[in-house]
2 protein chains.
Amino acid sequence: MTEHFDGQEAWAAALRAHGRRVTKQRLAVLAAVDRHPHSPAESILAAARTELPELTAQSVYVVLGDLTDLHMLRRFEPPHSPALYETRVGDNHHHAICISCGRVEDVDCAVGHAPCLTPHWNPDAKPMTIQIADVMYQGICQDCQRAQQLPPQSSLTRNKEIGEQ
Amino acid sequence: MTEHFDGQEAWAAALRAHGRRVTKQRLAVLAAVDRHPHSPAESILAAARTELPELTAQSVYVVLGDLTDLHMLRRFEPPHSPALYETRVGDNHHHAICISCGRVEDVDCAVGHAPCLTPHWNPDAKPMTIQIADVMYQGICQDCQRAQQLPPQSSLTRNKEIGEQ
DNA sequence: CACTTATTATTAGTAAGTCACAATAAGGCG
DNA sequence: CGCCTTATTGTGACTTACTAATAATAAGTG
């Protein structure tokens with residue numbers, strides 16, 4: 001529980017540092033995202049409500065959006081999935097998504113520290129000033145691979161569980 | 001117009017090769033995506049209707065989904081944008097998106113031929129079998145940069161035009 | 001403690017699709 | 001060529017994930 005308290009204090013300090021008021025809603029959302037990385041807004045709402053039952057969905061959307069703008073949270077949108085959130089920010093790590101079960105794994109930067117930040121522009125393209133390079137690896141995780149080999153049944157057994165690391 | 005005909009024939013052949021029937025709806029969608037790369041379903045519908053006015057939105061969604069599964073089209077979802085489609089498939093090129101105006105540019109592979117296909121897994125992660133690595137560069141394009149410097153007004157002039165290369 | 005205004009709750013509304021099923025039309029066959 | 005099967009498209013209802021407008025609440029300041 002000391003850990004929980006420490007976390008609260010750390011989040012509170014970060015909020016103040018960004019000129020934001022420290023509210024129980026923000027703390028509950030931050031704690032929920034921290035405990036359930038790669039979760040969508042709906043799961044975050046459910047998780048946060050265990051400690052703050054009166055929290056509303058709209059507040060979660062507002063808080064997630066604001067904290068993402070502040071870079072206290074990071075948001076990414078895997079294909080065919082609602083947006084997912086995590087507290088791991090600042091490093092430019094990437095994500096691998098299983099196209100069969102939706103599982104998400106963190107992947108560290110492939111090439112040194114700031115890797116993919118230098119796109120190779122086509123001759124006729126007007127280069128942009130790049131700020132982020134999000135790499136989304138898509139593949140099949142070990143469990144799904146095994147599951148596909150054993151039962152020679154429907155090859156489209158794509159389950160819908162997404163989020164919840 | 002010969003070019004148009006050739007395109008039709010090529011698409012028709014590809015459809016047959018995939019065991020699909022050749023319909024005017026599919027040809028209209030393919031032609032529309034080809035002429036307007038990086039476009040959302042709604043724009044594709046509008047473009048395709050210039051040559052096939054009775055085409056419906058649902059057909060466009062069905063066709064886009066099916067052709068994407070066949071890898072005749074490629075689909076990607078920039079943050080805060082509906083899914084975009086393009087006919088350039090087979091090479092693993094990537095995309096740069098202007099976070100101000102939504103413009104999308106193609107970017108060739110950064111490191112040789114199949115670059116980012118080798119993620120650096122964390123020690124405790126169960127590696128997946130990677131099939132695609134989608135890199136999404138996000139930055140500010142030259143036009144928007146210029147526009148932001150001249151008028152010292154709202155810094156949040158994010159316009160909504162997306163797609164339509 | 002009061003007061004200002006950021007933050008949250010309430011309610012309604014939208015964008016971007018998906019789903020179920022009836023109508024149509026490709027492509028194979030006689 | 002014309003029929004027949006079934007893939008494909010059209011019609012209409014519905015859903016998911018999220019945004020917008022405004023009223024109620026509560027942080028933080030003096």
Side-chain angles (χ1 to χ4, degrees), chain A residues 8 11-30 32 39-46 48-49 52-70 72 75-85 102 156 158 160-163, chain B residues 8 11-30 32 39-46 48-49 52-70 72 75-85 102 156 158 160-163:
Chain A
Q8 294 237 127
W11 293 130
L15 286 169
R16 285 193 207 95
H18 284 286
R20 292 297 188 274
R21 293 182 182 175
V22 177
T23 66
K24 46 190 190 301
Q25 289 88 343
R26 284 191 176 130
L27 293 175
V29 166
L30 281 164
S39 290
E42 195 182 351
S43 304
I44 294 165
L45 172 64
R49 272 185 170 162
L52 186 66
E54 67 270 31
L55 182 66
T56 62
Q58 281 62 18
S59 299
V60 171
Y61 281 113
V62 170
V63 167
L64 288 173
D66 184 46
L67 296 186
T68 302
D69 288 346
L70 297 178
M72 287 183 60
R75 167 198 170 108
F76 62 102
E77 304 181 24
H80 305 285
S81 157
L84 307 183
Y85 296 85
L156 272 173
R158 173 180 299 209
K160 295 302 204 92
E161 312 290 329
I162 278 198
Chain B
Q8 294 237 128
W11 293 130
L15 286 170
R16 286 193 206 95
H18 285 284
R20 292 297 188 275
R21 293 182 180 172
V22 178
T23 66
K24 46 189 190 298
Q25 290 88 342
R26 287 210 252 244
L27 292 175
V29 167
L30 281 164
S39 289
E42 195 183 349
S43 305
I44 294 165
L45 172 64
R49 272 185 169 162
L52 187 66
E54 66 269 32
L55 182 66
T56 62
Q58 279 63 18
S59 299
V60 171
Y61 281 113
V62 169
V63 167
L64 289 174
D66 185 46
L67 296 185
T68 302
D69 289 346
L70 296 178
M72 288 183 58
R75 167 198 169 108
F76 62 103
E77 304 181 25
H80 307 285
S81 158
L84 307 183
Y85 296 86
L156 271 173
R158 171 180 299 211
K160 295 302 204 94
E161 311 290 331
I162 277 198

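Numbers restart at 1 for each chain; the letters A, B, ... are given by sequence-line order, proteins then strands.
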Interatomic distance where CG belongs to A:L30 and P belongs to C:dT8 [whole Å]: 11 Å

Atom-to-atom span, CG of B:D69 to P of D:dT8 - whole angstrom: 13 Å

Nearest-neighbour nucleotide for the B:L55 side chain, C:dA9, D:dA17, D:dG10 considered: D:dG10

B:T56 vs D:dG10: side-chain N/O to OP1/OP2 distance below 4.0 Å: yes

Separation of atom CD in B:E42 from atom P in C:dG17, rounded to whole Å: 9 Å

Contact under 4.0 Å: A:K24 side-chain N or O vs C:dT8 OP1/OP2: no

Touch class at under 4.0 angstrom, heavy-atom based, for B:A41 against every strand present: nothing

Nearest listed nucleotide, side chain of B:P82, among C:dA16, D:dA17, D:dG10: C:dA16

Residue-phosphate contact under 4.0 Å: A:Q25 side-chain N/O, C:dA9 OP1/OP2: yes

Any B:T23 side-chain nitrogen or oxygen under 4.0 Å from OP1 or OP2 of D:dT9: yes

Close side-chain approach of A:L55 to A:V29, heavy-atom, < 4.5 Å: yes

For atom CD of B:E77 and atom C1' of D:dA17, their distance in whole Å: 12 Å

Exercise: identify the closest heavy-atom pair between B:P78 and B:L84: CG-CD1, 3.7 Å

Atom-pair distance (CZ on A:R20; P on C:dT8), nearest Å: 10 Å

Rounded distance (Å) that lies between atom P of D:dA7 and atom CG of B:L15: 16 Å

Toward the 5' end of DNA chain C, by each residue's nearest nucleotide, A:R26 or B:R75: A:R26

Rounded interatomic separation in angstrom, taking CG from A:L67 and C1' from C:dT8: 14 Å

Sugar-phosphate only, base, or nothing, as touched by B:A57 at under 4.0 Å among non-hydrogen atoms: nothing

Pairs touching residues 16-29 of chain A that satisfy side chain to side chain donor-acceptor pair (under 3.5 Å), sequence neighbours left out: A:R20-A:D66

Closest heavy-atom pair and its distance - A:M72, A:A14: CE-CB, 3.7 Å

Minimum-distance nucleotide to A:Y61 side chain [options: D:dA17, D:dT9, C:dA9]: D:dA17

Spatial distance of atom CG (A:L15) from atom CG (A:L67) [nearest 0.5 Å]: 6.5 Å

Which nucleotide in C:dT18, D:dT19, C:dT5 has an atom nearest any side-chain atom of A:R21: C:dT5

C:dT18 base / B:Q58 side chain donor-acceptor hit below 3.5 Å: yes

Separation of C:dG17 P from B:H80 NE2 (nearest whole Å): 15 Å

